[in-house]
Number of protein chains: 2
Amino acid sequence: MSDRKQQIIEHAAELVATVGFDSFSYNDLSERLGITKASLHHHFPKKEDLGLGLLDQMIAFKEQKRDELLQAGETPLQRIEVYFSFYREMCVDAECSQICPVSSLQAEINVIPASMREKLMILDEIESRLVTEILSQGRELGELKFLGEPEHHAMMMISAIKGAVQFSRSHGVEAVDNTIKQLKYSLGLNPQ
Amino acid sequence: MSDRKQQIIEHAAELVATVGFDSFSYNDLSERLGITKASLHHHFPKKEDLGLGLLDQMIAFKEQKRDELLQAGETPLQRIEVYFSFYREMCVDAECSQICPVSSLQAEINVIPASMREKLMILDEIESRLVTEILSQGRELGELKFLGEPEHHAMMMISAIKGAVQFSRSHGVEAVDNTIKQLKYSLGLNPQ
DNA sequence: GTCTATAAATGGATAGAC
DNA sequence: GTCTATCCATTTATAGAC
């Protein structure tokens, strides 16, 4: 992947997280990058191509993060902390309020091309499996306590944390902080 | 409010829940209602006016639902069941997959007019207070068991259920069902 | 790879007749 | 209240020169 392509995708990622896929234009990218719209079309002929390129990148990034997290010598408890803080930083870091790009694309599911929907499902799968695995291991080791299937609890936690990030746009970071706190209770933890 | 205005708002609500505020056009509405774009502009000169009209309607609807729920002779436990089923039906009912219109607008927060953002916060407040109140009463009566502040647990629950509805677009209704199941555990309930 | 120029379609919005 | 007609800006996308 050329540097330029990479650069374009990075800005596209930011725009998806702030305004959504359908609401940003090649013109927005053109201004950010200082090149013309025509040049952008050279790299990604259709907006759909750009969307797919972005999703491929997101999949690679998520797989890498997952492998880092699972191969590091950390305990399930520490892993879940890292997972939480990833989302917490999402709403603090940016100048313009960002949400999880996956949430953003899910909200636009009836607007984005079908080809993008498929890749979106892959992304979901990776995260679901990751959290499910952490929860399973955590319960086996006695570090985490919860009732029901790890897979179901993972789904609830993922929904909650992503929903909270979206909510933080009107309620501030407290929405995320409080949600994380209660999710820790749901895992039998004491959120100090 | 004239019948026509009401009718327009209803279709706008559906479009916000399916494709989002920025992604539907007066042309979409025109086709659905069988009147021209110009006629739509007569009722709502700017799209922002339509958005505000819709939000006012949503606020009124939510206040009414809240009053019904709180004044009915039901227990907190039954009320929380009604609350859950409201969101569950959201992803089953529609021909085209819908999400909570509030979630949809939150995802577009950097795109919608500032005047709409204010009304969106009011909507959030109503729901937060409602769930907080149900949880408070439920714990006092011993029907519900959870640690931490009712307000914080409410925020987590709201984020989770709305996030799950959004997730159901790629994961099916099970995302919502499983999330509800685990949320019940978090309230000390046995989700049969 | 980047540019200028331009096409074709769509979006929000207005003027004025009926 | 609804229509036709029209305006202007924006958006996606292409052709072809450098």
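Bear in mind that the values here come from a model prediction, so they are computed numbers and not experimental data. First the proteins, then the strands, lettered A, B, ... as listed; each starts at 1.
- Pairs of residues two or more places apart, or lying in two chains, that qualify as ring pair (Phe, Tyr, Trp, His ring centres under 6.0 Å) and include a residue from residues 130-154 of chain A are A:Phe146-A:His153.
- The hydrophobic cluster containing B:Val92, built from Ile/Leu/Val/Met/Phe/Trp/Tyr side-chain heavy atoms closer than 4.5 Å, also comprises B:Val173.
- By the side-chain contact (heavy atoms from CB on, under 4.5 Å) test, B:Gln6 pairs with B:Met1, B:Glu10, B:Gln57, sequence neighbours left out.
- For the contact set between residues 28-46 of chain B and DNA chain D, defined by any heavy atom under 4.0 Å, the members are B:Gly34, B:Ile35, B:Thr36, B:Ala38, B:Ser39, B:His42, B:His43.
- Among residues at least two apart or in separate chains, ring pair (Phe, Tyr, Trp, His ring centres under 6.0 Å) pairs with a member in residues 87-122 of chain B are B:Tyr83-B:Tyr87.
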Residues 158-169 of chain B side chain polar contacts: donor-acceptor under 3.5 Å, at least two apart:
residue  : atom : partner  : partner atom : Å
B:Ser159 : OG   : B:Met155 : O            : 2.9
B:Lys162 : NZ   : B:Glu127 : OE1          : 3.2
B:Gln166 : OE1  : A:Gln166 : NE2          : 3.2
B:Gln166 : NE2  : A:Ser103 : O            : 2.9
B:Gln166 : NE2  : A:Gln166 : OE1          : 3.2
B:Ser168 : OG   : B:Val165 : O            : 2.6
B:Arg169 : NE   : B:Ser97  : OG           : 3.2
B:Arg169 : NH1  : A:Gln106 : O            : 3.0
B:Arg169 : NH1  : A:Ala107 : O            : 2.9
B:Arg169 : NH2  : B:Ala17  : O            : 2.9
B:Arg169 : NH2  : B:Thr18  : O            : 3.2
B:Arg169 : NH2  : B:Ser97  : O            : 2.8

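- Taking only side-chain nitrogens and oxygens, A:Ser25 never comes nearer than 4.0 Å to OP1 or OP2 of D:dT10.
- The cationic atom of A:Lys181 (NZ for Lys, CZ for Arg) does not lie both less than 6.0 Å from the six-membered ring centre of A:Phe84 and within 45° of the ring axis.
- The ring pair (Phe, Tyr, Trp, His ring centres under 6.0 Å) analysis of residues 34-57 of chain B, with sequence neighbours excluded, yields the pairs B:Tyr26-B:His41.
- Within a heavy-atom distance below 4.0 Å of DNA chain C, no residue of residues 110-119 of chain A is found.
- Hydrophobic cluster membership of B:Leu147, counting Ile, Leu, Val, Met, Phe, Trp and Tyr whose side-chain heavy atoms lie under 4.5 Å apart directly or via other members: A:Tyr185.
- Taking the side-chain contact (heavy atoms from CB on, under 4.5 Å) definition, one finds that A:Glu31 meets it with A:Asn27, sequence neighbours left out.
- Chain B approaches DNA chain C over the interval C:dG11 to C:dA15, counting the first and last nucleotide 5' to 3' with an atom under 4.0 Å from its heavy atoms.
- A:Lys47 places its NZ atom 18 Å from the C1' atom of D:dT14, with the value rounded to the nearest Å.
- Here ring pair (Phe, Tyr, Trp, His ring centres under 6.0 Å) pairs that include residues 91-115 of chain B, with residues two or more places apart or in two chains, number zero.
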